[in-house]
Amino acid sequence: MTDAVSSQYDIAILLPCYNEAATIGAVVRDFREALPQARVYVYDNNSTDGTALQAMLAGALVMRERRQGKGHVVRRMFADIDADIYIMADGDGTYSSQDAEELVRTLVTERADMVVGTRRGVTADAGRQGHAAGNRLFNLLYRSFFARDFTDIFSGYRAFSRRFVKSFPAVSAGFEIETEMSVHATRLKLPVSEIELDYGRRPEGSHSKLSTFGDGAKILWMFAMLMKETRPFAFFGAISGAFMAASLIFMMPVLLAYFQTGLVDRMPTWVFSLVLMLISFLIFTAGLILDSLSRARSEQLRIHYMSISEQSQRRETGRHSPLAGHARTIDAA
């Protein structure tokens, strides 16, 4: 299966890295052994521990992205590299290269645009308990706000079709990029699949770059922004409902007093409640208008997705990727 897939499809393995010198060499060698004909790219994100050198010595094509953050790296990778199938993993050795073949097989046989390797045993390490709790919370929020397509939206082990990669806008800067990927698939109703895979522990000397509270706050903010962009009626409807509830709270005592006495003895409160009600109606109207615009944009994104060829230009023309002739380490402009 490995040789057949490698010869039939142009496969690129993408490894975003920041200070992973302790593990990246072994990760690159393992992926080259698992998929011998695939190209392995390591994108170094301002590492200071020799990550780029270790990756280059292991046989990877090494690029640099100066903007700090995984989202910036993914945006650059997706823009630079042309392939039929993309496999993205982390450089910390927690994902097994032997599972790459299963990801590719599922992507091809199910004609999916994204296959997510959900993490089995993610809570086995006591040091990940905070991350695991946040993972469960955000997965619950995702299923409540968007769709029930995914059970592990933060997995970094994924396979993509060319159509997905070249239609994905990638506006996130950091670890919230995986959330954006999931919402993109849900918004365009793309075929996706999940495979449960083992999730290993980091070896000695390798440390997680994820901040439980800092990155958690960024992800929560990204949830709100994606709700605003993809489900504006629900987003602004909730805000409108909050203003209306506040308006009714202030309005009811004044109305009760008026029905009892025929007088409005708290005029400032009455005016304030009417202002809140007016704001509620304005926000609700804005939500309706933006929902129509969001639907039109989703249609345009879908049409753009359908216009993208499933085959890479590299495969169609038989030429090497423009990046292949460059030096193994390229500095971003």
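This chain uses plain numbering: 1 for the first residue, then up along the sequence. As a basis for the values below, the full set of heavy atoms in this structure was taken, side chains included, without hydrogen atoms, waters or symmetry mates.
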Can we say [X] and [Y] salt-bridge, meaning some charged N sits less than 4.0 Å from an Asp/Glu carboxylate O?
X: R162; Y: D82; value: yes
X: R302; Y: E299; value: no
X: D152; Y: R136; value: no
X: R64; Y: D44; value: yes

Which of these passes ring-ring contact (aromatic ring centres under 6.0 Å, His included) with F284: F243, F233, F236?
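Running ring-ring contact (aromatic ring centres under 6.0 Å, His included) over F243, F233, F236 with F284 returns exactly one hit, F233.
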Are M251 and F281 co-members of a hydrophobic cluster defined by side-chain heavy atoms under 4.5 Å apart?
yes
pair [X]-[Y]: side-chain heavy atoms closer than 4.5 Å:
X: D113; Y: V192; result: no
X: Y142; Y: S182; result: yes
X: I308; Y: S167; result: yes
X: F160; Y: F168; result: no
X: L61; Y: V40; result: no
X: L53; Y: L57; result: yes
X: Y41; Y: I13; result: no
X: E180; Y: V183; result: no

Please assess D92 against T23 for the test side-chain hydrogen bond (donor to acceptor under 3.5 Å, both in side chains), listing each intermediate value before the final yes or no.
CA-CA 6 Å; D92 56 11; T23 56; over 6 Å; no
Looking at [Y], is its backbone amide N or carbonyl O close enough to the side chain of [X] to form a donor-acceptor pair, meaning the two atoms are under 3.5 Å apart?
X: R119; Y: Y199; value: no
X: T51; Y: E20; value: yes
X: R111; Y: V108; value: no
X: E194; Y: T151; value: yes
X: E110; Y: A112; value: no

Taking the six-membered ring for Trp, are F138 and F223 parallel (under 30°), tilted (30 to 60°) or perpendicular (over 60°)?
tilted
Return the orientation label for the Y157 and Y95 ring planes: parallel under 30°, perpendicular over 60°, tilted otherwise.
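Rings of Y157 and Y95: tilted, as their planes differ by 30° to 60°.
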Aromatic ring proximity Y305/F164, centre distance under 6.0 Å
no
Other residues, nucleotides and ligands only: do more than 12 of their heavy atoms fall within 6.0 Å of CZ on R143?
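Result for CZ/R143: enclosed.
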Do the side-chain N and O atoms of [X] and [Y] include a donor-acceptor pair separated by under 3.5 angstrom?
X: Q68; Y: N46; answer: yes
X: R187; Y: H184; answer: no
X: S193; Y: T106; answer: no

Only counting residues at least two apart or in another chain, list the ones meeting side chain to side chain donor-acceptor pair (under 3.5 Å) with S294.
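Once residues adjacent in sequence are excluded, S294 has no partner under the side chain to side chain donor-acceptor pair (under 3.5 Å) criterion.
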Just do the salt bridge (Lys or Arg N to Asp or Glu O under 4.0 Å) check on E176 and K218 with the steps written out, would you?
CA-CA 7 Å; E176 60 273 24; K218 293 178 182 178; over 6 Å; no
Run the side-chain contact (heavy atoms from CB on, under 4.5 Å) check on T179 and S172 step by step: do they pass?
CA-CA 9 Å; T179 303; S172 303; over 6 Å; no
Test side-chain hydrogen bond (donor to acceptor under 3.5 Å, both in side chains) on S240 and S280; report intermediate values, then the result.
CA-CA 4 Å; S240 173; S280 173; 3.0 Å; yes
